[in-house]
Amino acid sequence: MRRNDTAPTTRKVQGGIFLPKPQNAITIAVSSRVLFNMDKEQQIYEQKGMEDYLKYQIEHEMEPFAPGPAFPFVKALEAVNTRLRELYPESEELFDVVLMTNSHAHAGLRLINTINHHQLFIERFCMTGGNSPIGYLKAYHTNLYLSADPMKVREALEEGIAAATMFNPPEKRTEVSETQLRVAFDGDAVLFSDESERIFKAHGLDKFFEHEKTHENTLLDHGPLKGFLESLGKLQKKFYAKDQRLDCPIRTYLVTARSAASSGTRALKTLRSWGLETDEALFLAGAPKGPMLEKIRPHIFFDDQMFHVEGASQLGTVAAHVPYGVAQKLLQQKPAKENTKDFSAATN
């Protein structure tokens, strides 16, 4: 039977909304444990095993899970899709959320009931029954993978997939926008490679500044989340093309411990060479990131150092850890605070 080349490129689902093909969409894969609060269920699994876990899920399948740390982020993705569909009804350049879980399919009904309860638009599920999700992430052309399992996140990063570990949301979570997606990125070892970070760790602050000044016109290599920023920028340009730059539902931030005058030039030149930009750039010169993020109110903040992730979380920001680069090797050797580029002494 010959393939019908005139067949529609999208699949229509309930409510008249079209699902884009994975290769055309910006695919965000989220684990069930970060989309929803499944702490109790995880505890049952770890303490009593798979059979008791499945039994509990089936017995409680009509009880929806509470939202988890990635829930506001996913809701913001859907808000962006709504605006995109208004402007480009036939376009497949949309966010496509895939729910990933290593649970057995028997536990799937509770997840479906929860998604319907919260009125989320998630049609793609991947229930791996304990197997690694990495192969499926590749098949879905995943642009970003969020999980509570740091081992799976590292595995994804090793395969070239942008990924980050999420944690339980802070007790007093900062309220975020329901109409504008806000994403904040660290620079080194997140958007950029860890080249400069390695200089700092090995030789100290003075050598770091000297290295950055010498290589001011040498572009940094890309980091693990460069591609995700690129995807966000691609969608932003679709709004700019409709003269909606000032009303764009996506806003991006660079929040870095670098100082502007002595090491910021190289970062900005690198972004420019990639054809990328962030709406705002904050060079903090070693100051804590938490207070600034509290003002930004991002749906998610990505950083390679747990010290910054914890500091942001303490002030109500949902932060995700990107376990990439030299900082991870030193994590067990030094206290977290010593793993930051503290530029305050030099700037003072």
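Side chains included, hydrogens not; waters and symmetry mates left out as well; all remaining heavy atoms used.
- Using modelled atom types, no side-chain atom of H104 and backbone atom of E51 make a donor-acceptor pair closer than 3.5 Å.
- Between T101 and T128 the shortest side-chain heavy-atom distance does not fall below 4.5 Å.
- Across every non-hydrogen atom of S32 and L111, the tightest pair is CB-CD2, 3.9 Å.
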If you look only at distance, which donor and acceptor atoms sit under 3.5 Å apart when one is on a side chain in residues 218-229 and the other is two or more places apart or in another chain?
none

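- Residue pairs meeting the ring-ring contact (aromatic ring centres under 6.0 Å, His included) criterion with at least one partner in residues 157-185, sequence neighbours excluded, are F185-F302.
- Considering all non-hydrogen atoms of both residues, Y324 and L157 come closest at CB-CD1, 4.4 Å.
- The side-chain heavy atoms of T27 and V98, taken from C-beta on, include a pair separated by under 4.5 Å.
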Name each donor-acceptor pair under 3.5 Å that joins a side chain in residues 245-253 to protein atoms two or more places apart or in another chain, with its distance.
unit_1, atom_1, unit_2, atom_2, d
D247, OD2, R83, NH2, 3.4
R251, NE, E280, OE2, 3.1
R251, NH2, E280, OE2, 3.1
T252, OG1, D279, N, 3.3
T252, OG1, D279, OD2, 3.4

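- No side-chain heavy atom of E93 sits under 4.5 Å from any side-chain heavy atom of L84.
- Figure legend: cation-pi geometry between K289 and F301 absent, as NZ or CZ is not positioned both under 6.0 Å from the six-membered ring centre and within 45° of its axis.
- Using a 4.5 Å heavy-atom threshold, the side chains of L282 and I296 count as touching.
- Not one N or O on the side chain of D304 forms a donor-acceptor pair closer than 3.5 Å with the backbone of V190.
- Heavy-atom minimum distance, V34 versus A148: CG1-N, 3.4 Å.
- Among all heavy-atom pairs drawn from D194 and A189, the shortest one is CB-CB, 4.0 Å.
- For K55, the salt bridge (charged side-chain N to carboxylate O under 4.0 Å, His left out) test picks out no residue, with sequence neighbours left out.
- Cluster partners of L109, using a side-chain heavy-atom cutoff of under 4.5 Å among ILVMFWY residues and allowing indirect links: none.
- Residues I115 and F125 have side chains in contact (heavy-atom distance under 4.5 Å, counting atoms from C-beta outward).
- When all heavy atoms of S31 and S147 are compared, the closest pair comes out as OG-CA, 3.6 Å.
- Scanning all heavy atoms of the two residues, the minimum distance from Q119 to E78 falls at O-OE1, 4.1 Å.
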N/O donor to acceptor pairs below 3.5 angstrom from side-chain atoms of residues 57-76, sequence neighbours left out:
unit_1, atom_1, unit_2, atom_2, d
Q57, OE1, R110, NH1, 2.8
Q57, NE2, Y53, OH, 3.0
H60, ND1, Y56, O, 2.9

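- The side-chain heavy atoms of I300 and L146, taken from C-beta on, include a pair separated by under 4.5 Å.
- Between I122 and L35 there is a side-chain heavy-atom pair separated by less than 4.5 Å.
- A 4.5 Å side-chain heavy-atom check between L87 and K238 finds every atom pair outside the cut-off.
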